[in-house]
Structures are given as C-alpha cells and as structure tokens.
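Here is the structure we will look at.
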Amino acid sequence: QVQLLESGGGSVEAGGSLRLSCTAGEYAYSSNYMGWFRQAPGKEREGVAAIYIGGTVTYYADSVKGRFTISQDNAKHTVFLQMDSLQPEDSAMYYCVSSSLRQTPSTWLRPDEYDSWGQGTQVTVSS
C-alpha cells in the first residue's frame, strides 16, 4: 500500500476556497491514479475527483465540476484539490486515495478500486 498524507482542510464560509494536498510516501511509484473521496455524516462515501499520475486524464463528480480542480506535482508525488465556490453541502471528511489500477469514467467512482486511503482531512463550509 501507498502511504498517503493529506493536509489543507479547515473551515470556510460559503463561497470561499480551500486547497487540499496529498503526498504519496513509500511505494508512490505504484500509484496509477490518485484522487479524492469524501464522506459526510450519515452519507455514503462519494468520489470527488481523480487524476492519472503522470498524465492529463482527470475525472470529476458532477456535483463539483466547474468548482473543483485536481492537479499534480509529479516530482513531489503530490496531488492537489483546489476547491472554489464551496457550499455547505461540500462539508465532509475528504480522503486521498491511490489506485494501482487503470480507471475509466465508469470505474473511478467505486471505492473498492482504490488500494490505499489516507486518514482524511475535515472540510467544513458554513452558510
């Protein structure tokens, strides 16, 4: 498994922005895709965004398209999630994920596609 360390969560008012970071540690070379899932209390985990490591393919959940941007710094084995125009419904624990598998538009949203999960970072958006 790849060790994943997230940072950047916090509290913000609606309309504000946050930037999450996730750095892959040992075995980072085995990551094919990395991304973010989130889970709010009482709700199921949902995929937010994913990116092909070393490439340009990205996937976004419909609920965040146009507001969130996933990017990477390969030299630092780090993936970022820029979150703009945040809304209260974006409040959740955000988890960085890594997959050794190739992802497609129909598979990337499945939690079981991902081998490694970070500890999570909390994002709270107040109205």
Side-chain angles (χ1 to χ4, degrees):
Q1 287 190 340
V2 180
Q3 293 179 332
L4 302 171
L5 181 62
E6 305 116 326
S7 63
S11 298
V12 66
E13 293 185 351
S17 299
L18 285 173
R19 189 191 195 206
L20 305 183
S21 299
C22 175
T23 299
E26 192 174 12
Y27 304 115
Y29 61 86
S30 65
S31 293
N32 200 356
Y33 278 79
M34 289 180 66
W36 298 87
F37 274 67
R38 67 186 181 187
Q39 187 169 21
K43 295 188 177 181
E44 294 186 355
R45 283 177 298 178
E46 62 172 348
V48 177
I51 188 167
Y52 175 51
I53 298 304
T56 59
V57 175
T58 56
Y59 299 117
Y60 293 95
D62 289 343
S63 59
V64 306
K65 281 180 181 177
R67 300 188 298 122
F68 291 12
T69 303
I70 191 169
S71 61
Q72 60 185 311
D73 182 337
N74 290 335
K76 297 181 179 180
H77 303 297
T78 300
V79 172
F80 306 98
L81 185 68
Q82 178 66 41
M83 305 185 293
D84 298 318
S85 301
L86 283 162
Q87 299 301 315
E89 52 265 34
D90 295 315
S91 296
M93 185 70 79
Y94 282 70
Y95 297 93
C96 180
V97 295
S98 170
S99 175
S100 59
L101 306 174
R102 176 179 174 271
Q103 299 301 319
T104 69
S106 62
T107 65
W108 79 272
L109 287 166
R110 301 174 190 167
D112 59 4
E113 289 286 318
Y114 297 88
D115 317 298
S116 302
W117 292 70
Q119 293 297 310
T121 185
Q122 180 68 40
V123 171
T124 303
V125 185
S126 59
S127 57

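The figures that follow rest on heavy atoms only: side chains count, while hydrogens, waters and symmetry mates do not. No experiment lies behind these values; they were computed from the predicted model shown.
Between Thr121 atom OG1 and Leu81 atom CG the span is 11.0 Å, to the nearest 0.5 Å. Distance check: Ile51 CD1 to Ser31 OG gives 12.0 Å after rounding to the nearest 0.5 Å. With values rounded to the nearest 0.5 angstrom, Phe68 atom CZ is found 14.5 Å from Thr58 atom OG1. Here Thr56 contributes atom OG1 and Gln72 contributes atom CD; the two are 9.0 Å apart, rounded to the nearest 0.5 Å. Interatomic distance, His77 NE2 to Ile53 CD1, rounded to the nearest 0.5 Å: 10.0 Å. To the nearest 0.5 Å, atom CE of residue Met34 and atom CD1 of residue Ile70 are 8.0 Å apart.
Scanning both residues, Pro111 and Trp117, for their nearest heavy atoms gives O-CZ2, 3.6 Å. The shortest non-hydrogen separation linking Ala49 to Trp108 is N-CZ3, 3.5 Å. In terms of heavy atoms, Tyr95 sits closest to Gly118 at CD2-O, 3.5 Å. What you find for Tyr59 and Pro105 is that their closest heavy atoms are OH-CD, 3.5 Å. Heavy atoms only, all atoms of each residue included: Thr104 and Arg102 are closest at CG2-NH1, 3.5 Å. Taking each heavy atom of Pro88 and Ser127 in turn, the nearest pair found is CG-CB, 3.8 Å.
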Please determine whether side chain to side chain contact (heavy atoms under 4.5 Å, CB included) holds for the pair Arg67 and Asp90, giving the CA-CA distance in whole Å, both sets of side-chain angles, and the decisive distance to 0.1 Å. CA-CA 11 Å; Arg67 300 188 298 122; Asp90 295 315; 2.7 Å; yes
Apply side chain to side chain donor-acceptor pair (under 3.5 Å) to residues Thr23 and Thr78 and explain how you reach the verdict. CA-CA 4 Å; Thr23 299; Thr78 300; 2.9 Å; yes
Could you walk me through whether Glu46 and Arg38 pass the side chain to side chain contact (heavy atoms under 4.5 Å, CB included) test, one step at a time? CA-CA 6 Å; Glu46 62 172 348; Arg38 67 186 181 187; 2.6 Å; yes
Which is it for Val79 and Cys96 under the side chain to side chain contact (heavy atoms under 4.5 Å, CB included) test, yes or no, and what are the steps along the way? CA-CA 9 Å; Val79 172; Cys96 180; 5.6 Å; no
Evaluate Val123 against Leu20 for side chain to side chain contact (heavy atoms under 4.5 Å, CB included), listing each step before the verdict. CA-CA 9 Å; Val123 171; Leu20 305 183; 4.1 Å; yes
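Here the options are Thr124, Val125, Val64, the test is side-chain contact (heavy atoms from CB on, under 4.5 Å), and the partner is Leu86; only Val125 passes. Residue Met93 is tested with Gln119, Arg45, Gln122 for a side-chain contact (heavy atoms from CB on, under 4.5 Å); the sole match is Gln122.
When hydrophobic clusters are built by joining Ile, Leu, Val, Met, Phe, Trp and Tyr residues whose side-chain heavy atoms come closer than 4.5 Å, directly or via intermediates, Trp36 is not grouped with Val97. Residue Phe80 is not grouped with residue Leu5 when hydrophobic side chains (ILVMFWY) are merged at heavy-atom distances under 4.5 angstrom, including chains of intermediate members.
Crowding of Tyr52 atom OH: a count of heavy atoms from other residues, nucleotides or ligands under 6.0 Å not exceeding 12.
Asp112 meets the side-chain hydrogen bond (donor to acceptor under 3.5 Å, both in side chains) test with no other residue; sequence neighbours excluded. Considering only residues two or more places apart in sequence or on other chains, Tyr114 meets the ring-ring contact (aromatic ring centres under 6.0 Å, His included) condition with Phe37. Under the side-chain hydrogen bond (donor to acceptor under 3.5 Å, both in side chains) criterion, Thr69 pairs with no residue at all, not counting sequence neighbours. Under the rule for a side-chain hydrogen bond (donor to acceptor under 3.5 Å, both in side chains), Tyr33 has no partner lying at least two apart in sequence or in another chain. Scored by the side-chain hydrogen bond (donor to acceptor under 3.5 Å, both in side chains) test, Gln82 finds Asp84 as partners (sequence neighbours excluded).
Inspection of the Ser116 and Ser98 side chains reveals no N or O donor paired with an N or O acceptor under 3.5 Å.
Pairs passing the side chain to side chain donor-acceptor pair (under 3.5 Å) check and including a residue from residues 3-16, sequence neighbours excluded, do not occur.
Using modelled atom types, no side-chain atom of Gln87 and backbone atom of Ala14 make a donor-acceptor pair closer than 3.5 Å.
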